[in-house]
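Both counts, for ligands and for their atoms, begin at 1 and track the order of listing. Just so it is clear, the model here is predicted, and its values are computed rather than measured.
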Amino acid sequence: MASVEQTTAGCTDSATTIAVENPATGEQITTVPVLSAADLEAMAGRARAAQPGWEELGFDGRARVLRRAQKWMLDNPDRVIDIVVSETGKTHEDAQLADFGYTMTALGFWAKEAAGYLADERLPSWNNPLAAGKKLTIRYAPVGLIGVIGPWNYPIANSFGDCIPALAAGNSVILKPSEVTPLSSLLMAEMMRECGLPEYVFQVATGDGATGAALIEQVDCVMFTGSTKTGRAVMRAAAEKLVPCYLELGGKDPMIVCADANLDRAANAAAFYSMNNAGQVCISIERCYVESPIYDEFVRKVTDNVLKLRQGAPQGVGTVEVGAVIFPPQLEIVADHVRDAVEKGAKVLTGGHSRPGPGRFYEPTVLVDVDHSMKCMQEETFGPTLPIMRVADADEAVRLANDSEYGLQASVWTGDVKRGEAIARRLQAGSVCVNDAQMNYAALNLPMGGWKASGMGTRHGANGIRKYTKVQSLLITRYALKREPFMFPYRPGRTLALRRMLKLLYGRRSGD
Ligand code: NAD
């Protein structure tokens, strides 16, 4: 396990600590310090001093460190997966696919692609009469110090994962992991040190919301992943500092199942993408709309699938499908949404209760007879629940899917992929999958980000790294006159000649 002392040595004299627990057993694993504003200021100073050397290494030098880290992960799968499982209570399979698999892939992806995405861009000048003949170039320069603030549900993928492109672009990074899952990030810091990352280029600041707020005070750019409520506070703080901030927030992802869908695939996917990581996935299927002709059969198949799921504290690979719920307040939200739905007329087909400890679990739950007056169809549940609603047709499904403050992701299931794409284009969501869900996150060249209250900006793709840079525009005049015709002194002849030139250029095209 990563030692806290290693990463925070010399950073803190904080007397305050947070206990880190295993949600599947309720046992305390260790404690970590809550870093103060003064600690963050000192860390930022060291990060800024280290950044120019890291930038000077260039893309190849930085890629070498990232590739070494990829190899380190490949050599240490159990260490990485076990630490994630211990502090989240999730299954080994989820930690392996998302935290381990994604992050290893991302290290290689950004090592390979950073140079291309951030290469200088030459622009034509012939279409700008006054700038014609000049050399026009866009350059992407690292911003300097990036603050990444992460959630607990994917403590490596959604925290360290967003640090990788920031580092590849030549920045220093301070990561503030969730207070409930700091150990995975500390392990990533240990990994980067062992792989030759220069000291203080990547640091982990353990602590709570106040530590996150203190981090924003120190950095040149904020990358935040977490709830919409905290995202609003982060954006306010970033506005006060006048630094860019990117927000990856909550969701209420709809699944639309058309009558011509492959029902087995759709039912398997509905069970998996609503229950994986106990439903604690930002892009979890949170509500399902099914065209009337196949509704009964679909509900039967999904319920059968969910009934077969094993739940409990993971005891190694292949032991359970559904792990723990992270902490008591989250368990209470899930219970509240189910209670609210039942009070308003919903029926529970399976599950519907939290399970007694040790550990924190909520039974995989399928709800029917639901409608949009219920919290389970409107608010982010973030638990192992799947409310399924009958709709007359895809038009009704689209209307209901868009009836949400969120717009993170959505999915459409149909045998007619052309129709599926047409439906996808009508959905108000940053990403839409047809006959799939969540897998767009694995396509690292495809931008991923929310619409509406689900966020601002994107990760992955070109913008996933350009957002960590400052754009510098370069105009170089190579063939220079002694004096430009529009320069002093002003003479009527030259002014009128310039006017004739503009008329000649645009006169025939402008206006009706
Ligand atoms: P959260 O908003 O409670 O906390 C996220 C982080 O913000 C934590 O590290 C926390 O300490 C920090 N924080 C709290 N107050 C702060 C403040 N005032 N200033 C700065 N930082 C502060 O979220 P959570 O419960 O950890 O995560 C679950 C949420 O994250 C869900 O809503 C989920 O949908 C969302 N999420 C979104 C994505 C995405 O890509 N869109 C991915 C994963 C999780």
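Closest heavy-atom approach to atom 3 (O) of ligand 1 among the candidates T458, T230, D253: T230. Of the candidates G150, S178, G147, G150 brings a heavy atom nearest to atom 5 (C) of ligand 1. Among G226, A233, G251, the residue whose heavy atom lies nearest to atom 29 (C) of ligand 1 is G226.
Interface of E179 with ligand 1, defined as ligand atoms under 4.0 Å from a residue heavy atom, comprises 8 (C), 9 (O), 10 (C), 11 (O). Applying the 4.0 Å criterion to heavy atoms of E248 picks out, from ligand 1, the atoms 37 (C), 38 (C), 39 (C), 40 (O), 41 (N). For ligand 1, the atoms sitting less than 4.0 Å from at least one non-hydrogen atom of D208 are 11 (O), numbered in the order shown with element in parentheses. Of all atoms in ligand 1, numbered sequentially from 1 with element shown, those under 4.0 Å from a heavy atom of L408 are 41 (N). Taking every non-hydrogen atom of F224 and a distance limit under 4.0 Å, the qualifying atoms of ligand 1 come out as 2 (O), 5 (C), 6 (C), 7 (O). Each of the atoms 6 (C), 7 (O), 9 (O), 12 (C), 20 (C), 21 (N) of ligand 1 lies under 4.0 Å from some heavy atom of I149. Distances below 4.0 Å separate heavy atoms of P177 from the following atoms of ligand 1: 9 (O).
Counting heavy atoms from C-beta on, the side chains of P387 and M374 never come closer than 4.5 Å. Between W54 and V173, every side-chain heavy-atom pair lies at or beyond the 4.5 Å cut-off. Using a 4.5 Å cut-off on side-chain heavy atoms (C-beta onward), E87 and N22 make no contact.
Salt bridge present: E190 and R79 bring a charged side-chain N and a carboxylate O closer than 4.0 Å. Ion pairing between a basic and an acidic side chain is recognised when a charged N comes within 4.0 Å of a carboxylate O; E286 and K252 show such pairing. Classification of R339 and E343 as a salt-bridged pair fails, no side-chain N sitting under 4.0 Å from a carboxylate O.
Under the 4.0 angstrom criterion for non-hydrogen atoms, R459 is in contact with ligand 1. Heavy atoms of Y154 come nearer than 4.0 angstrom to ligand 1 in no pair at all.
Ranking the protein heavy atoms by distance from atom 23 (O) of ligand 1 puts S227 N, 3.3 Å first. Among all non-hydrogen protein atoms, the one lying nearest atom 25 (O) of ligand 1 is W152 NE1, 2.8 Å. Among protein heavy atoms, atom 17 (C) of ligand 1 sits closest to G209 O, 3.6 Å. At the shortest separation from atom 21 (N) of ligand 1 among protein heavy atoms lies G212 CA, 3.7 Å. For atom 44 (C) of ligand 1, the closest heavy atom belonging to the protein is N153 OD1, 3.4 Å. Scanning the protein for heavy atoms near atom 27 (O) of ligand 1, the closest one is P151 CB, 3.3 Å. For atom 41 (N) of ligand 1, the nearest protein heavy atom (residue, atom name, distance) is L249 O, 2.8 Å. Closest protein heavy atom to atom 19 (N) of ligand 1: A213 N, 3.6 Å.
Ligand 1 has no nitrogen or oxygen under 3.5 angstrom from a nitrogen or oxygen of N158. Ligand 1 has no N or O atom lying under 3.5 Å from any N or O atom of T225, backbone or side chain. Not one N or O of Y441 is nearer than 3.5 Å to an N or O of ligand 1, by distance alone. An N or O contact shorter than 3.5 Å is missing between T228 and ligand 1 by distance. Distances between N or O atoms of C282 and those of ligand 1 include no value under 3.5 Å.
T225 and R459 share a donor-acceptor pair across their side chains, judged by distance under 3.5 Å alone. N268 and N305 share a side-chain donor-acceptor pair at under 3.5 Å. Using a 3.5 Å distance cut-off with no hydrogens or angles, the side chains of R399 and Y289 do not pair a donor with an acceptor. D94 and Y154 share a side-chain donor-acceptor pair at under 3.5 Å. Judged by distance alone, the side chains of S36 and D39 do bring a donor and an acceptor atom under 3.5 Å apart.
A centroid separation of less than 6.0 Å is found between the aromatic rings of F382 and W152. F109 and H460 have their aromatic ring centers separated by at least 6.0 angstrom. Y441 has its ring centre less than 6.0 Å from the ring centre of Y102.
Residue-level proximity to ligand 1 for E380 is carried by the side chain, the only part with a heavy atom below 4.0 angstrom. By the criterion of a heavy-atom distance under 4.0 Å, neither the backbone nor the side chain of S454 is placed next to ligand 1.
C288 and F298 get closest at one heavy-atom pair: SG-CE2, 3.6 Å.
When the options Q438, E321, K90, E93 are evaluated for a side chain to side chain donor-acceptor pair (under 3.5 Å) with N276, the one that passes is Q438.
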